[in-house]
Amino acid sequence: MKDLVLVGAITGAHGIRGEVKLKSFTADPAAIATYTPLETKTGRAIEIAKLRAQKDGFIASLKGVTDRNAAEALRGTELFVPRDRLPEAQDDEVYLDDLIGLAVHDGSAPLGEVVSVQNFGASDLLEVAIAGRGDTVYIPFAESFVRDIDAEGGKIIVSLPDGFLDAGE
């Protein structure tokens, strides 16, 4: 897969005319429509024709999707945009995809590596594979835990409370 960044996902169908429920992962959620056409993992182009806000995301009309069956078939589809179509991150910003693969240090001690960034509804979590252990831990992606990100240097400095890693042992 070329250098694609996950910007959203289709979470279900809405109504009988082919509209879909859409969750946006962009900093400005409505900006997802400006990146159309989007791509799926298989390379299929998805074009947003209309977008309207709803309680937990958006309702979108997609070009070529005209009935509920076609909309249902797209449930769970992740939507990507080529990296070169995204704006450069500002000095105090980072694309979450850029964190994957970075070494994680608790202060100066090596801890592990970021294997994914998850969000189960409350906030973003760094999933870190702990060196020397066969498990991962979730570290909140918040200022109280993440002290510094040096993407060019390939590392993240965290400050974990005493006992944070003990639960997984």
Side-chain angles (χ1 to χ4, degrees), residues 1-14 19-42 44 46 48 51-60 62 71-72 74-106 111-131 133-151 154-161 163-165 167-168:
M1 198 154 83
K2 53 187 171 177
D3 197 14
L4 297 176
V5 176
L6 179 66
V7 293
I10 296 171
T11 60
H14 178 80
E19 291 180 312
V20 297
K21 295 176 186 177
L22 181 73
K23 182 169 177 118
S24 175
F25 306 137
T26 57
D28 170 9
I32 192 169
T34 65
Y35 299 121
T36 199
L38 305 169
E39 291 184 35
T40 66
K41 281 184 180 177
T42 61
R44 176 181 175 186
I46 301 282
I48 298 173
L51 189 69
R52 70 180 190 275
Q54 74 158 18
K55 181 181 175 189
D56 294 329
F58 295 94
I59 301 298
L62 306 178
E72 280 289 344
L74 293 171
R75 178 190 302 266
T77 300
E78 293 179 317
L79 303 170
F80 299 86
V81 66
R83 178 57 170 257
D84 61 4
R85 288 186 26 218
L86 294 172
E88 288 295 319
Q90 301 298 313
D91 288 339
D92 60 341
E93 296 177 331
V94 64
Y95 284 111
L96 296 178
D97 279 5
D98 291 344
L99 301 176
I100 297 170
L102 295 184
V104 177
H105 295 257
D106 187 4
L111 182 63
E113 179 179 307
V114 177
V115 294
S116 73
V117 179
Q118 300 291 329
N119 187 315
F120 301 110
S123 65
D124 293 321
L125 300 168
L126 301 176
E127 184 177 8
V128 178
I130 303 301
R133 290 181 12 186
D135 65 339
T136 61
V137 296
Y138 291 106
I139 299 173
F141 188 58
E143 287 182 25
S144 56
F145 288 87
V146 178
R147 299 297 184 191
D148 187 44
I149 299 170
D150 180 5
K155 69 179 177 178
I156 297 173
I157 306 296
V158 298
S159 179
L160 301 179
F164 187 88
L165 299 175

Q: Output, in order, the C-alpha distance, side-chain angles, deciding distance and verdict of side chain to side chain contact (heavy atoms under 4.5 Å, CB included) for Ile156 and Ile139.
A: CA-CA 12 Å; Ile156 297 173; Ile139 299 173; over 6 Å; no
Q: Please report the closest heavy-atom contact between Phe164 and Phe145, naming both atoms and the distance.
A: CE1-CE2, 3.8 Å
Q: Test Ile157 against every option in Asp150, Val146, Asp148 by the side chain to side chain contact (heavy atoms under 4.5 Å, CB included) rule and name the one that passes.
A: Asp148
Q: Could you list the residues that satisfy side-chain hydrogen bond (donor to acceptor under 3.5 Å, both in side chains) with Thr26, not counting sequence neighbours?
A: Ser24
Q: When you measure from the side chain of Thr36 to the backbone N and O of Ile48, does any donor-acceptor pair fall under 3.5 Å?
A: yes
Q: Just verifying a value: how many Å separate Glu88 CD and Leu86 CG, rounded to the nearest 0.5 Å?
A: 9.5 Å
Q: Is there any side chain to side chain donor-acceptor pair (under 3.5 Å) pair reaching into residues 94-106, and which pairs are they, with sequence neighbours excluded?
A: Arg83-Asp98
Q: Can you tell me how far CG of Leu6 sits from CG of Leu96, rounded to the nearest 0.5 angstrom?
A: 9.5 Å
Q: With sequence neighbours excluded, what pairs up with Ala27 under the side chain to side chain contact (heavy atoms under 4.5 Å, CB included) test?
A: none
Q: Which value, rounded to the nearest 0.5 Å, describes the distance between Ile149 atom CD1 and Lys155 atom NZ?
A: 13.0 Å
Q: Once you round to the nearest 0.5 Å, how far does CG of Leu74 lie from NZ of Lys21?
A: 14.0 Å
Q: Check step by step if side chain to side chain contact (heavy atoms under 4.5 Å, CB included) holds for Val94 and Phe141.
A: CA-CA 12 Å; Val94 64; Phe141 188 58; 4.0 Å; yes
Q: Of all residues at least two apart in sequence or in a different chain, which pass the ring pair (Phe, Tyr, Trp, His ring centres under 6.0 Å) check with Phe25?
A: none
Q: Ile59 and Gln54: which non-hydrogen atoms are nearest, and at how many Å?
A: CD1-OE1, 3.1 Å
Q: So with a 6.0 Å cut-off around CZ of Arg44, is the heavy-atom count from everything else above 12?
A: no
Q: How long is the span from the NZ atom in Lys23 to the CD1 atom in Ile10, to the nearest 0.5 Å?
A: 14.5 Å
Q: Under the rule for side chain to side chain contact (heavy atoms under 4.5 Å, CB included), what residues qualify as partners of Glu72, not counting sequence neighbours?
A: Ala13, Arg68, Arg75
Q: Yes or no on side chain to side chain contact (heavy atoms under 4.5 Å, CB included) for Ile32 and Leu38, after CA distance, side-chain angles and deciding distance?
A: CA-CA 9 Å; Ile32 192 169; Leu38 305 169; 4.0 Å; yes
Q: Of the non-hydrogen atoms in Ala60 and Leu22, which two are nearest, and what is the gap between them?
A: CB-CD2, 4.2 Å
Q: By salt bridge (Lys or Arg N to Asp or Glu O under 4.0 Å), which residues pair with Arg52, not counting sequence neighbours?
A: Glu19
Q: In residues 115-128, what donor-acceptor pairs under 3.5 Å come from side-chain atoms, sequence neighbours left out?
A:
residue, atom, partner, partner atom, Å
Ser116, OG, Gln118, NE2, 3.1
Ser116, OG, Glu127, OE1, 2.6
Asn119, OD1, Gly121, N, 2.7
Asn119, ND2, Asp124, OD1, 3.0
Glu127, OE2, Thr136, OG1, 3.0

Q: Holding to side chain to side chain contact (heavy atoms under 4.5 Å, CB included), I want the full list of residues that pass it with Thr34, two or more places apart in sequence or in another chain.
A: Ala31
Q: Where do Val20 and Ala71 come nearest, in terms of heavy atoms and distance?
A: CG1-CB, 3.7 Å
Q: Please enumerate all residues that pass side chain to side chain contact (heavy atoms under 4.5 Å, CB included) together with Ala53, with sequence neighbours excluded.
A: Phe58
Q: Run the side chain to side chain contact (heavy atoms under 4.5 Å, CB included) check on Asp56 and Thr11 step by step: do they pass?
A: CA-CA 10 Å; Asp56 294 329; Thr11 60; over 6 Å; no
Q: Which heavy atom of Ala33 sits nearest to which heavy atom of Leu51, and what is that distance?
A: CB-CD2, 3.8 Å
